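Working notes, structure below.
From a predicted model like this one, the values you see are computed outputs, not experimental measurements. The chains referred to below are lettered A, B, ... by the order of the sequence lines, with proteins before strands, and numbering in each begins at 1.
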Amino acid sequence: MTDDPARSVVRFHGVQKFYGHGESLVKALDSVDLVIREREFVSVMGPSGSGKSTCMNIIGCLDVPTGGSYFFRGVDVSRLSQDQRALLRRHFIGFVFQGFNLLARTTALENVELPLVYRRVRRADRRERAMHALTLVGLADRAGHTSGEMSGGQMQRVAIARALVTEPALLLADEPTGNLDSARSREIMELLVSLNRERGITIVMVTHESDMAEYGTRTVTFHDGNILSHGEPQEVSA
Amino acid sequence: MMLLVTFMMALREVRRNTMRSFLTMLGIVIGVGAVITMVTIGKGATRQVTESVGALGENVLMLRPGAQRRGGMRQGAKGFEAADVSAIENEVPGISAVAPTSSTQATIVFGNENVSTSVTGTTNQYLEVRGYSLGTGRLFSEAETAIGSPVCILGTTVEQNLFADADPIGERIRVGRVSCQVVGVLESKGAAAFGDQDDVVLMPMLAVQRRVAGEPNIDSINIKANEGQSLEVLQAQIEALMRERRGVQRGATDDFNVRNVQEIADAMSAVTTSLTSLLGGIAAVSLLVGGIGIMNIMLVSVTERTREIGTRLAIGALASEVLLQFLVEAVVLSTLGGIIGIGTGVGLSYGASRVLELPFVVAPEVMVGAFVFSAVVGIGFGYLPARKAAHLNPIEALRHE
């Protein structure tokens, strides 16, 4: 496999994340190397405290490493200011959370429009693109419903539509099915898979459940701040 | 563009939680409402004082015994004589009417009714000087004035109290111990800051001096200047004349004083104006309290919406955009409260001016001031919560329960 930097979305070089000093030093990530290429669907697994959340925060440009370097699409994120990282997120990254995090008492359409508001997209365009994203997740008919009037599965679809609407280079999903029953989980996973396959969106997903992880093209497993296995696709299915 | 979008978001946020938004605004509503009410009522009172002092008569000088001193008059100076009145009439130019008065308090009785009021001995010119006009009946005849006949002209308040609906003209009433015939009734002038100007009984000068008060003093001489006559010049002339007549030595203090009614009006409106500022200032404190209320609720709101803020930051909102959003929300709340407060204040002060029978004076500069102040309060007290929101760590905010 060639290491073409242009085609790698995420590239970690000995990334460290340490908290505290001396005796109480915690090594959340200890020299992690990781490459995620375009069009991949990577499942990230590992017990709590293994460093997978820290890793996700760094990939998502919400946090910066204390050591090593992180390149997002060839850009050294560790050198960027807080506002520059916010702009990176705005233009290239979509987030899906376990708790959906839709705005209360706000319609599905308005929720999906939100990232476009920050991108200064004009109102008419915003409407159209948000409707398109909602159609993609099969919720065009729920556009006017507020989060209180929707089921968990529907809310997560709205959240996915919100992450998709900007056509991000990378979609980060943090336990997207953690609050859903198995039938709803399967629907969400199938949606993510189709987005990955048909629209070529790169996805990184954290999950506890190995059957959810199997939807990905490969599984990265964390343990004690290190990557235990980079899990090539054939290993996952084995 | 971003400001407009933020403004729309803020409006939506205000609508999303109507009840809380209203409670947040309430402090500002009350503050602005109180300021507007206080100032409007104060201005009404000022205007009423000005108007009612004006009702004492325009272009009028009042000559009274006793030196003019700050805070009151020295007692014991001798009163004026009838000769003083004619001297002023004859020797000072530019005068249209002179009315001496001798006032005393007396009980007036008719049938079973009795009232206590001020009885003023004077001449027919008193009506012109003080701006009264005769309603029914007649004025004093020359003979009655000359010999001090027991006749009287009633103010409408006294007339109503004694006679109700009956015709008083020609009836005999008792003034103190004197029996007195009613010859006329004044037209009503209405209430004023100095009390009821219709609560008066007028009698010929000599009648009061000899029969009611029992002493020959003249308490005051009211002088009305011709239209266009300078009151300062007139005042100087009267002062010179009186110094001579009363034998005041050169360099000695006058034992009388001449006052311009306008000066009294100015002094009184200065009092009500400073009272208005005082009340307005106290009300402004409640505006400040309202601002603290906004800050309080906004801080709670930031805590409550921590996850929302985290989500916005994750989606790519800049810290400055989050700051702006919460600042605009606070300003929208406070100015909305300001607008409602202006409406409430105008309504309240209209009602109050009707109840207190004061003129209703709208003060647009106070409204604009209150509106601007409420916006400033929003910015001032919204800044701290907004900064708190903007400085949240997105990772921790997203984890917040």
A:Glu149, CD: over 12 other non-hydrogen atoms inside 6.0 angstrom: yes
Contact class of B:Ile395 relative to chain A, heavy atoms under 4.5 angstrom: side chain
Contact residues of residues 62-72 of chain A (partner chain B; heavy-atom separation under 4.5 angstrom): A:Leu62, A:Asp63
Any residue of residues 13-21 of chain B which, by heavy atoms, sits under 4.5 Å from chain A: B:Arg16, B:Asn17
Value rounded to 0.5 Å, distance of CD in B:Glu321 from CZ in A:Arg90: 4.5 Å
Nearest heavy atoms of A:Ala86 and B:Ala317, plus distance in Å: CB-O, 3.9 Å
More than 12 heavy atoms from other groups under 6.0 Å of NE2 on A:His223: no
Backbone N/O of A:Leu114 and side chain of B:Arg312: donor-acceptor pair under 3.5 Å: no
Verdict with reasoning, B:Thr311 to A:Phe97, per side-chain contact (heavy atoms from CB on, under 4.5 Å): CA-CA 9 Å; B:Thr311 308; A:Phe97 307 98; 4.3 Å; yes
Inter-residue atom distance A:Thr107.OG1 - B:Arg12.CZ, 0.5 Å rounding: 7.0 Å
B:Phe7 atom CZ, neighbour heavy-atom count above 12 within 6.0 Å: no
Neighbour count above 12 (heavy atom, 6.0 Å) for B:Lys43 NZ: no
Toward chain B: residues of residues 162-181 of chain A with heavy atoms under 4.5 Å: A:Arg162
Interatomic spacing from CG in A:Asn57 to CZ in B:Arg399 - rounded to 0.5 Å: 6.5 Å
Residue part contacting chain B, namely of A:Glu110, when any heavy atom lies under 4.5 Å: side chain
Neighbour count above 12 (heavy atom, 6.0 Å) for A:Glu209 CD: yes
Heavy-atom contacts under 4.5 Å, residues 289-309 of chain B to chain A: B:Arg307, B:Glu308
